[in-house]
2 protein chains.
Amino acid sequence: MTTHRPFHHGNLRAVLLDQAERTLREGGVDALSLRELARKAGVSHGAPRSHFVDRQALLDALAERGFDRLADEVEAAIAADGADYKERLRAIATSYVHFAVTDAALLDLMFTAKNGDAPGLRAASQRLFAAVGDLIDRGTETGELEHHDAHRLQMLFAAIMQGIASLVSSRRISAQDGDALIDDAISLLVREQEQEPDDIGRSGSGERPRRLAD
Amino acid sequence: MTTHRPFHHGNLRAVLLDQAERTLREGGVDALSLRELARKAGVSHGAPRSHFVDRQALLDALAERGFDRLADEVEAAIAADGADYKERLRAIATSYVHFAVTDAALLDLMFTAKNGDAPGLRAASQRLFAAVGDLIDRGTETGELEHHDAHRLQMLFAAIMQGIASLVSSRRISAQDGDALIDDAISLLVREQEQEPDDIGRSGSGERPRRLAD
DNA sequence: CCTAGTTTCTAGTCAATGTCTAGTTCGAGG
DNA sequence: CCTCGAACTAGACATTGACTAGAAACTAGG
């Protein structure tokens, strides 16, 4: 067995991040300590510094990872076929809120006021919002969504998800209330399709939305 | 001048909180240190402990204060007369987002995952949501809002505000985008009143909502 | 007025942490 | 083989949160 500690860990950065994610989930941000992580990884207390200049750099990396993971889930939910548009929206929102429940502290980290400086973090978050935005765009193009302004609709949807996630994450409302709110929000946004079949094909041109204010 | 330090500060708790709020606004949560606050207040490093058992207790107190202040603003916006319902909603949402911009770190503190335990904090936050809820209720009663479920509409509105505030606070979207989103959201929620005058009086009974999906 | 009790504050101490520096080990490329 | 840089060790330092014992000041009851 090569159980002897090699000088070079070789995998330290990933190990630290994995452990940090677990600690974050169990004990919150305050439970995160570079030295403690080093101890658990079996390296000296200064070792993490080779991979994270700062404690903040670790937190940024965790947030970036969070965005990546969430973006993955959202993209998967979008790609899932065999589901109608409304179901797909609900799938996104649900995975979003689920993420907020199981990784509340991480979500806090992702949307805390003090970051936004790290370049990688911005990129990762933009990937998430781009994915959401694409689905919204697809909806406006097929006429399933009202569109006064596609970009603003993207932001509105993102804001609603983030809001529900935030309230659930801070335990201001329960998880099932969160689910109910998702349904309400989607019902509010998605044009009801009790219209005649040919009415669907008719949309897509730049007509005036039907039920949204101006 | 009674400039001599009395042994008893007499006002320490309030002074600490004020200074903490300022520090929070300028440097974020990480800049908050009990010892530093004590120094600035001219007391010994152990003095704050008489008023806050914990650093977390200070953060909780700050969050509670934040909820109180925000609730005050919201209640004021509601009480303002001479404004129609839609304007009043917009006033609330705007003060909410404004709060998120000027006190981003404080908002984080208010909606972080790890609190919710402190009793005073819960009470203060419930005061805020009660205020918002009242206005929503008023809207459903006069028929200006669709109402499948008043309580869920309250939560939905709260979630939307919180979501916009969160995105603005984390600088994911700009402040003017936030304003635009407020308008969009309100337009989405408020029933357009291009209906005939007598149509307004007709609402209020338990009729089926018109444009919301069941 | 005086005195006992309680709150507020002081001062000293301790372990833990983030950060810095100098030096060591390892691996890859010339 | 040699050199150079990245990864890691080990020691140090200042700062912080938390705990303790005790002094100072306010409060209330006699």
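So you know, we letter chains A, B, ... as the sequences are listed, proteins then strands, and number each from 1. Below, each value reflects all heavy atoms present in this structure, side chains not excepted, and no hydrogens, waters or symmetry copies.
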- Message: What is the distance, to the nearest angstrom, from the CG atom on A:L59 to the P atom on C:dT19?
- Response: 10 Å
- Task: Give one of base, sugar-phosphate or nothing for A:R39, where a contact means two heavy atoms less than 4.0 Å apart.
- Result: sugar-phosphate
- Message: Under 4.0 Å, counting only non-hydrogen atoms across every strand here, what does B:S50 touch: a base, just sugar-phosphate, or nothing?
- Response: base
- What integer distance in Å separates B:E36:CD from D:dT15:P? 10 Å
- Message: Rounded to whole Å, how long is the line connecting atom CG of A:L37 with atom C1' of C:dA16?
- Response: 14 Å
- Message: Rounding to an integer number of Å, can you tell me how far B:L12 CG sits from D:dC26 C1'?
- Response: 16 Å
- Query: Separation of A:H45 atom NE2 from C:dA16 atom P, in whole Å?
  - Reply: 14 Å
- Query: Counting N and O atoms only, with roles assigned by atom type, does the side chain of A:S187 sit under 3.5 Å from a partner on the main chain of A:D183, one being a donor and the other an acceptor?
  - Reply: yes
- Item | B:E87 bridged to B:R90 by N-O distance under 4.0 Å | no
- Message: Need one value for B:R55: base, sugar-phosphate or nothing, where a base atom within 4.0 Å counts as base even if backbone is also close, heavy atoms only.
- Response: sugar-phosphate
- Query: With a distance cut-off below 6.0 Å to the six-membered ring centre and an angular limit of 45° from the axis, does A:R172 pair with B:F111 as a cation-pi contact?
  - Reply: yes
- Taking CZ from A:R35 and P from D:dA14, how many angstroms apart are they, rounded to a whole number? 15 Å
- Message: Please confirm whether the shortest side-chain N or O distance from B:H51 to OP1 or OP2 of C:dT7 is below 4.0 Å.
- Response: no
- Message: So, does A:S33 get its side chain near the phosphate of C:dG18, meaning an N or O under 4.0 Å from OP1 or OP2?
- Response: yes
- Would you kindly give the CG-to-C1' distance between B:D30 and C:dT19, to the nearest whole Å? 15 Å
- Task: Can you tell me the distance, in whole Å, between the CZ atom of B:F52 and the P atom of C:dT8?
- Result: 11 Å
- Item | Any donor-acceptor N/O pair, A:D108 side chain to B:A113 backbone, under 3.5 Å | yes
